[in-house]
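Take a look at the structure set out below.
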Amino acid sequence: MNRFDEFALEEAVRIGEEIPGTEIEAISVGPGRVVSTLRKALERGAAAGTHILVEEERYMSPFETASLIASYAGTGHYDLIIAGVMAEDDMHCQVGQMIAAILEIRCATSVIHRGTIREETSVYIEREIEEGQRLCMEVALPAVITVQSGINRPRYPSLSNVLRAKNQEIRTIDANDLWDDDGRDQLISMRRPEASAKGVFLEGGSNEKARALIRILHERALI
Amino acid sequence: MMEDKIAIIAELSRGGFTRATHEVISFARELGSACAHSEIIIIPGKNIRGLAEEIARTSGIDVIGIEAETLDLYSAEPFKSAILDVLKDINPAYVCLPHSAMGFDLAPGIAVDLGAACITAVEEIHEDKKRICFSKSMWGGKIRAELVSMTQRAVLTVLPGAWTASVEEAFIAGSVRMVKANLALGASEITLMEAPGERESELPGADVIVSAGRGIGKEENLEMIRKLAGIFSRGAVGASRSVCDLGWLGHKHQIGFTGKTVSPGLYIACGISGAIQHISGMKDSQMVIAINIDPHAPIFNIADYCIVEDLTEFIPALLELVEISR
């Protein structure tokens with residue numbers, strides 16, 4: 001599971017503990033392999049798992065992913081949709097905001113603290129912004145929030161949840177039944193970034209490197 | 001008719017433009033010369049006429065200031081609505097924002113509403129077969145990906161630090177037009193606060209920062225990081241975001257995009273892979289030494305001295321040698 005999503009799921013489980021009767025559903029878009037991620041979500045406390053199946057293994061633009069989730073979520077009545085602030089792999093920071101825009105509901109990103117949910121009408125959140133500052137606000141529900149890492153400490157799965165998750169059915173929905181527009185951007189290449197030429201790799205054994213480093217620190221009068 | 005504008009959404013903080021905004025202007029100029037479009041700056045805010053005139057004078061770019069009481073501190077609803085009103089009027093080919101907490105909050109929603117592509121955290125642009133390709137980091141900086149827009153319009157966020165703010169003043173000032181945002185009153189209340197523990201940080205005054213990343217393996221290994229910082233007269237311990245998230249160190253130690261920006265005389269990165277979010281907070285250090293067991297770690301791309309070693313063995317050996325040489 002994407003690390004940021006672990007924080008998102010944990011936040012959902014905490015809301016479930018605060019407000020009895022909350023139903024937590026984990027949703028993932030992708031090929032068959034994402035089922036194992038959904039099962040991990042069940043182990044960590046989600047009550048249900050929904051797999052939006054995209055057959056082929058390919059780059060999905062955030063807009064495609066968001067459209068599929070929004071199209072599915074539009075049929076349910078979710079009070080809160082929680083996502084990670086970004087995916088660890090493609091690092092776009094877009095899906096949550098796009099879901100909110102498509103569904104025309106509120107959105108707050110980079111949430112580092114969540115407070116009380118008031119009578120299912122609003123949630124207090126603090127957004128992490130630059131220079132060690134936070135923006136604090138009430139967000140009217142329904143809403144999408146994307147959470148920053150560190151908002152909580154994700155727990156380990158409990159034995160009872162692990163056993164439950166083993167045999168629980170995960171609902172599969174064919175992406176073609178939800179939405180069939182094209183993505184708006186295309187990935188055309190991926191490569192390793194070039195290394196900068198300026199760096200010097202210290203050579204030799206561990207001891208020689210340590211000696212070389214101390215010499216450098218002395219030369220620069222750092223020690 | 002083809003749209004021919006590049007709109008820049010300016011960001012304000014503490015009564016002035018953020019550095020990232022000036023960098024977006026540099027980015028937009030490069031994009032503008034690649035596609036022969038002209039730039040326009042849009043500033044949402046409260047009491048911003050002076051700032052609008054200032055940036056029009058220094059940049060030479062035409063400016064539209066959007067004023068409203070509710071545009072004082074950033075929140076998605078009023079900002080998005082005010083900006084979209086102006087954008088629908090200008091009909092730009094590109095909308096550029098900084099990849100900041102404001103920029104990435106706004107950009108995807110604006111793109112959805114404009115029917116535009118959205119490409120975030122752009123680090124480089126170049127032309128290929130008459131298309132403009134946008135490069136960005138993926139997998140924590142291990143991969144550089146190129147994306148192209150498939151639509152007539154695109155909303156872009158620009159990674160802070162990827163372009164340099166221009167210091168030259170324009171010969172001819174841009175025009176300034178002020179508009180009042182047509183916003184419903186009674187927007188939700190927003191307050192600004194300092195993150196807990198922010199004031200206690202030792203990082204700003206340190207000459208040498210020794211930083212720990214997830215590669216230190218376990219919390220107990222922080223002890224050697226502290227000892228290493230201790231050999232310098234004004235040394236301090238820094239950390240990557242993941243180390244703080246694990247609770248090994250408080251967030252006041254965090255360096256990077258969402259933490260502190262530092263520029264000490266010496267920065268020693270221990271077990272830090274070098275994700276772009278971290279690098280943006282320390283790349284102006286005068287000298288960088290990186291210790292990492294992975295020779296492909298992106299941190300080595302910006303380090304002056306690179307040490308490929310298991311730091312749990314290397315640092316104790318180093319400390320011992322320092323002890324002897326004293």
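Residue numbering restarts at 1 for every chain, and letters A, B, ... go by the order of the sequence lines.
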Between [options], who has the most heavy-atom pairs with chain B when the cutoff is under 4.5 Å?
options	value
A:Q94, A:Q133, A:Q97	A:Q94
A:G150, A:A101, A:S189	A:S189
A:Q148, A:R192, A:R211, A:E203	A:Q148
A:I129, A:D90, A:V95	A:D90
A:E88, A:M91, A:E131, A:M190	A:M91

What distance do [X] atom [atom1] and [Y] atom [atom2] have between them, rounded to the nearest 0.5 Å?
X	Y	atom1	atom2	value
B:M150	A:F63	CE	CZ	13.5 Å
A:R127	B:S75	CZ	OG	9.0 Å
B:D245	A:R3	CG	CZ	6.0 Å
B:I307	A:K209	CD1	NZ	8.0 Å
B:T120	A:H92	OG1	NE2	6.0 Å
A:D89	B:I143	CG	CD1	11.0 Å

What are the two closest non-hydrogen atoms of [X] and [Y], and how far apart are they?
X	Y	value
B:C118	A:D185	O-OD1, 3.9 Å
A:P193	B:G141	CG-O, 3.4 Å
B:A76	A:C107	CB-O, 4.0 Å
A:A210	B:F314	N-CE1, 3.5 Å
A:I188	B:C133	CD1-SG, 3.5 Å

Less than 4.5 Å to any heavy atom of chain A: does that hold for the side chain of [X], its backbone, both, or neither?
X	answer
B:Q286	neither
B:V208	side chain
B:A116	backbone
B:E320	neither
B:S13	side chain
B:I289	side chain
B:C244	neither
B:K252	neither
B:I291	neither
B:Y74	both
B:L73	side chain

- [ ] Please determine if A:R106 and B:E77 form a salt bridge, counting it only when a charged side-chain N lies under 4.0 Å from a carboxylate O.
- [x] yes
Task: Salt-bridge contact A:E128-B:R241 (side-chain N to carboxylate O under 4.0 Å) - done: yes
Counting heavy-atom pairs under 4.5 Å to chain A, which of [options] comes out on top?
options	result
B:K260, B:Q277, B:H251, B:Q254	B:Q277
B:M102, B:M138, B:E313, B:H99	B:M138
B:F257, B:F232, B:F134, B:Y305	B:Y305
B:V308, B:T261, B:I315	B:V308
B:K142, B:E194, B:E309	B:E309

Proximal component of [X], with respect to chain B [non-hydrogen, under 4.5 Å]:
X	answer
A:A108	backbone
A:R191	both
A:I151	neither

Open item on the list: Quick one, B:L147 and A:Y59 - any side-chain contact, counting heavy atoms below 4.5 Å?
Closed with: yes
TODO: Would you indicate whether the side-chain heavy atoms of A:N207 and B:L321 approach each other to under 4.5 Å?
DONE: yes
Open item on the list: Are B:F300 and A:F201, when compared by the centres of their aromatic rings, separated by less than 6.0 Å?
Closed with: yes
Open item on the list: Heavy-atom count check: over 12 atoms from other residues, nucleotides or ligands less than 6.0 Å from A:E17 CD?
Closed with: yes
Task: Distance-only donor-acceptor check, side chains B:D105 and A:T109, under 3.5 Å - done: yes
Task: Between B:S149 and A:R184: side-chain donor-acceptor atoms closer than 3.5 Å - done: no
Open item on the list: Between A:E130 and B:A101 (side chain of the first, backbone of the second, donor and acceptor by atom type, cut-off under 3.5 Å), is there such a pair?
Closed with: yes
TODO: Considering only heavy atoms, give the residues of residues 212-222 of chain A separated from chain B by less than 4.5 Å, sorted numerically, with 'none' for an empty result.
DONE: A:L213, A:I214, A:I216, A:L217, A:H218, A:R220, A:L222
